[in-house]
Engineer: 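My questions all concern the structure below.
Nothing here was measured: the structure is a model prediction, and the numbers come from that model. In this chain, numbering begins with 1 at the start of the sequence shown. Order of appearance sets the numbers: ligands from 1, and atoms from 1 within every ligand.
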Amino acid sequence: MAGKGGTGKTTLTGLILRELVERDEAPILVVDADPNANLGEVLGVKAPATVGGLREEAFVGAREIPTGWDKQSWIEYKMHEALAEAKGYDLLVMGRPEGPGCYCYANNLLREYIKTLAKEYDWVLMDNEGGLEHLSRHTTRDVDVMLVVTDPSVRGMRTVERVNELIDEMGLVVKERYVVVNRVPEGLDVQALLEHTSLEPAMTIPQDPAIFENDLAGRDVFALGDDAVSRKAVRDLVDQFVLGNGQAGKKE
Ligand SMILES: Nc1ncnc2c1ncn2[C@@H]1O[C@H](COP(=O)(O)OP(=O)(O)O)[C@@H](O)[C@H]1O
Ligand SMILES: [Mg+2]
């Protein structure tokens with residue numbers, strides 16, 4: 001997931017995850033790659049630690065890897081503490097991208113670790129920050145499906161275009177990319193908006209009062225009623241653009 005802040009990336013990551021879990025698509029790794037991490041809240045799961053926090057523990061202060069450990073095993077040992085195991089999926093929270101120190105070395109190790117970790121799952125869902133920084137620093141550059149989320153506005157569409165350019169500038173390998181127009185009020189025709197983007201349109205997701213009520217009641221995304229309008233739209237989104245009728249979004 002990509003797109004500017006407040007457009008609904010985290011909410012939609014949660015809803016897509018729920019859809020995959022309910023369809024028994026497993027194993028799934030969901031990654032919160034926004035430094036302002038709040039995916040856990042949306043999912044109702046608390047990660048025991050963040051990758052960024054553990055990196056500091058592992059590399060600052062001691063800075064040395066303890067004798068008897070090779071680098072990769074050490075990082076794997078440390079990072080395992082960050083993984084939250086939930087019902088039907090695991091959650092990994094990246095946390096802060098950089099502390100005061102220089103982490104190039106640690107970040108390279110981390111990237112390798114996350115690549116290796118991701119191979120253990122059939123699905124990796126990633127909720128990113130608007131700038132996509134984490135995608136370059138910590139994680140694989142290979143993406144099957146990138147969903148760029150926006151609100152239904154012309155300015156939102158311009159941001160979509162910038163994110164789209166950023167994806168190329170960063171040299172990410174993205175097989176399919178789509179724009180998702182979220183929080184669409186009833187009766188609004190988004191066709192005119194879509195003329196402002198070069199990306200293929202995927203789904204429009206309606207503005208859903210049930211999301212608001214669910215949030216106010218302090219409930220997670222798994223508690224959202226089956227009849228919620230956003231759920232139906234996400235179901236269609238998963239069918240067409242994630243599962244892709246066949247296996248478009250699924251790793252071999
Ligand atoms: N389709 C929707 N209908 C109603 N509210 C929504 C919808 N999508 C997201 N929201 C609300 O919008 C706010 C921002 O969503 P969030 O997922 O945190 O965005 P982001 O992760 O892009 O910053 C949240 O309060 C969320 O509950
Ligand atoms: Mg978010």
Engineer: Kindly confirm or rule out an N or O of Gly6 lying under 3.5 angstrom from an N or O of ligand 1.
Structural biologist: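 The answer is yes, given that Gly6 and ligand 1 share an N or O pair closer than 3.5 Å.
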Engineer: Which option out of Met1, Glu213, Arg183 puts a heavy atom nearest to atom 11 (C) of ligand 1?
Structural biologist: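 Ranked by closest heavy atom to atom 11 (C) of ligand 1, first place is Arg183.
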Engineer: Hey, could you give me the CD1/NZ distance between Ile16 and Lys9, rounded to the nearest 0.5 Å?
Structural biologist: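 Output value for this atom pair is 12.5 Å.
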Engineer: Are the side chain of Asn128 and the backbone of Met1 linked by a donor-acceptor contact shorter than 3.5 Å?
Structural biologist: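 The answer is yes, because a donor-acceptor pair under 3.5 Å joins these two groups.
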Engineer: Please report the interatomic distance CG(Leu91) to CG(Leu17), rounded to the nearest 0.5 Å.
Structural biologist: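 So the CG of Leu91 and the CG of Leu17 are separated by 9.0 Å.
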Engineer: Check for me whether Ser230 has a heavy atom closer than 4.0 Å to any atom of ligand 1.
Structural biologist: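 No, Ser230 has no heavy atom closer than 4.0 Å to ligand 1.
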Engineer: Answer yes or no: is there a side-chain heavy-atom contact under 4.5 Å between Arg231 and Leu15?
Structural biologist: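 Side chain of Arg231 against side chain of Leu15, heavy atoms only: contact under 4.5 Å found.
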Engineer: Counting each atom of ligand 1 from 1 as listed, which ones have a heavy atom of Lys9 under 4.0 Å away?
Structural biologist: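 Near Lys9, meaning under 4.0 Å from one of its heavy atoms, ligand 1 has 17 (O), 19 (O), 20 (P), 21 (O), 22 (O).
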Engineer: First locate atom CD of Glu19, then atom CG of Leu12, and finally report the distance between them rounded to the nearest 0.5 Å.
Structural biologist: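 Answer rounded to 0.5 Å: 12.0 Å.
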Engineer: Would you check whether Pro206 reaches within less than 4.0 Å of ligand 1, judged by its heavy atoms?
Structural biologist: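 Checking ligand 1 against Pro206, which is what was asked, there is a heavy-atom contact under 4.0 Å.
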Engineer: Measure the CE-CG distance between Met203 and Asn182 for me, rounded to the nearest 0.5 Å.
Structural biologist: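 Here the rounded value is 12.5 Å.
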Engineer: Does ligand 1 have an atom that lies less than 4.0 angstrom from a heavy atom of Asn182?
Structural biologist: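 Yes; Asn182 lies near enough to ligand 1 that a heavy-atom distance drops under 4.0 Å.
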Engineer: Return the closest protein heavy atom for atom 2 (C) of ligand 1 as residue, atom name and distance.
Structural biologist: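 The closest one turns out to be Ile211 CD1, 3.4 Å.
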Engineer: What residue and heavy atom of the protein are closest to atom 3 (N) of ligand 1, and at what distance?
Structural biologist: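 Of every protein heavy atom, Asp208 N, 2.8 Å lies nearest to atom 3 (N) of ligand 1.
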Engineer: Which residue and atom name correspond to the protein heavy atom nearest atom 24 (C) of ligand 1, and how close is it?
Structural biologist: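 Ranked first by proximity to atom 24 (C) of ligand 1 is Thr11 OG1, 4.5 Å.
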Engineer: What residue and atom, counting heavy atoms only, is the protein's closest point to atom 19 (O) of ligand 1, and at what distance?
Structural biologist: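 The closest heavy atom on the protein side is Gly8 N, 3.0 Å.
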Engineer: Can you list the steps and then say if Asp239 with Arg235 is a salt bridge (Lys or Arg N to Asp or Glu O under 4.0 Å)?
Structural biologist: CA-CA 6 Å; Asp239 275 336; Arg235 229 169 269 144; over 6 Å; no
Engineer: Report the distance from atom CZ of Arg183 to atom OG1 of Thr150, rounding to the nearest 0.5 Å.
Structural biologist: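 Going from the CZ atom of Arg183 to the OG1 atom of Thr150 covers 12.0 Å.
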Engineer: Is atom 15 (O) of ligand 1 close to the protein, meaning a heavy atom under 4.0 Å from it?
Structural biologist: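 Within 4.0 Å of atom 15 (O) of ligand 1, protein heavy atoms are found.
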Engineer: List the closest protein heavy-atom neighbour of atom 25 (O) of ligand 1: residue, atom name, distance to the nearest 0.1 Å.
Structural biologist: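 Answer for atom 25 (O) of ligand 1: Asp215 OD2, 4.8 Å.
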Engineer: Identify which one of Asp32, Val30, Val51 satisfies the side chain to side chain contact (heavy atoms under 4.5 Å, CB included) criterion when paired with Leu92.
Structural biologist: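 Going through Asp32, Val30, Val51 one by one, the side chain to side chain contact (heavy atoms under 4.5 Å, CB included) with Leu92 is satisfied by Val51 alone.
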Engineer: Of the non-hydrogen atoms in Ala84 and Pro48, which two are nearest, and what is the gap between them?
Structural biologist: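 It is CB-CD, 3.9 Å.
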Engineer: Does even one non-hydrogen atom of Lys4 get within less than 4.0 Å of ligand 1?
Structural biologist: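 Yes, that is the case, since the closest heavy atom of the residue is under 4.0 Å from the ligand.
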Engineer: With sequence neighbours excluded, tell me which residues meet ring pair (Phe, Tyr, Trp, His ring centres under 6.0 Å) with Tyr178.
Structural biologist: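 Expected list: Phe241.
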Engineer: If the cut-off is 4.0 Å to any non-hydrogen atom of Gly5, which atoms of ligand 1 fall inside it?
Structural biologist: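 In order of numbering, the contacting atoms are 23 (O).
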Engineer: Report the distance from atom CD of Glu112 to atom CD1 of Ile75, rounding to the nearest 0.5 Å.
Structural biologist: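 If we round to the nearest 0.5 Å, Glu112:CD and Ile75:CD1 are 11.0 Å apart.
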Engineer: Can you list, by chain and residue number, the protein N, O or S atoms under 2.8 Å from the Mg ion (ligand 2)?
Structural biologist: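 Atoms qualifying: Thr10 OG1.
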Engineer: For atom 21 (O) of ligand 1, what is the nearest protein heavy atom, given as residue, atom name and distance?
Structural biologist: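 It is Thr10 OG1, 2.7 Å.
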Engineer: Please determine, by modelled atom types, if Thr10 and Asp127 share a side-chain donor-acceptor pair under 3.5 angstrom.
Structural biologist: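 A donor-acceptor contact under 3.5 Å links the two side chains.
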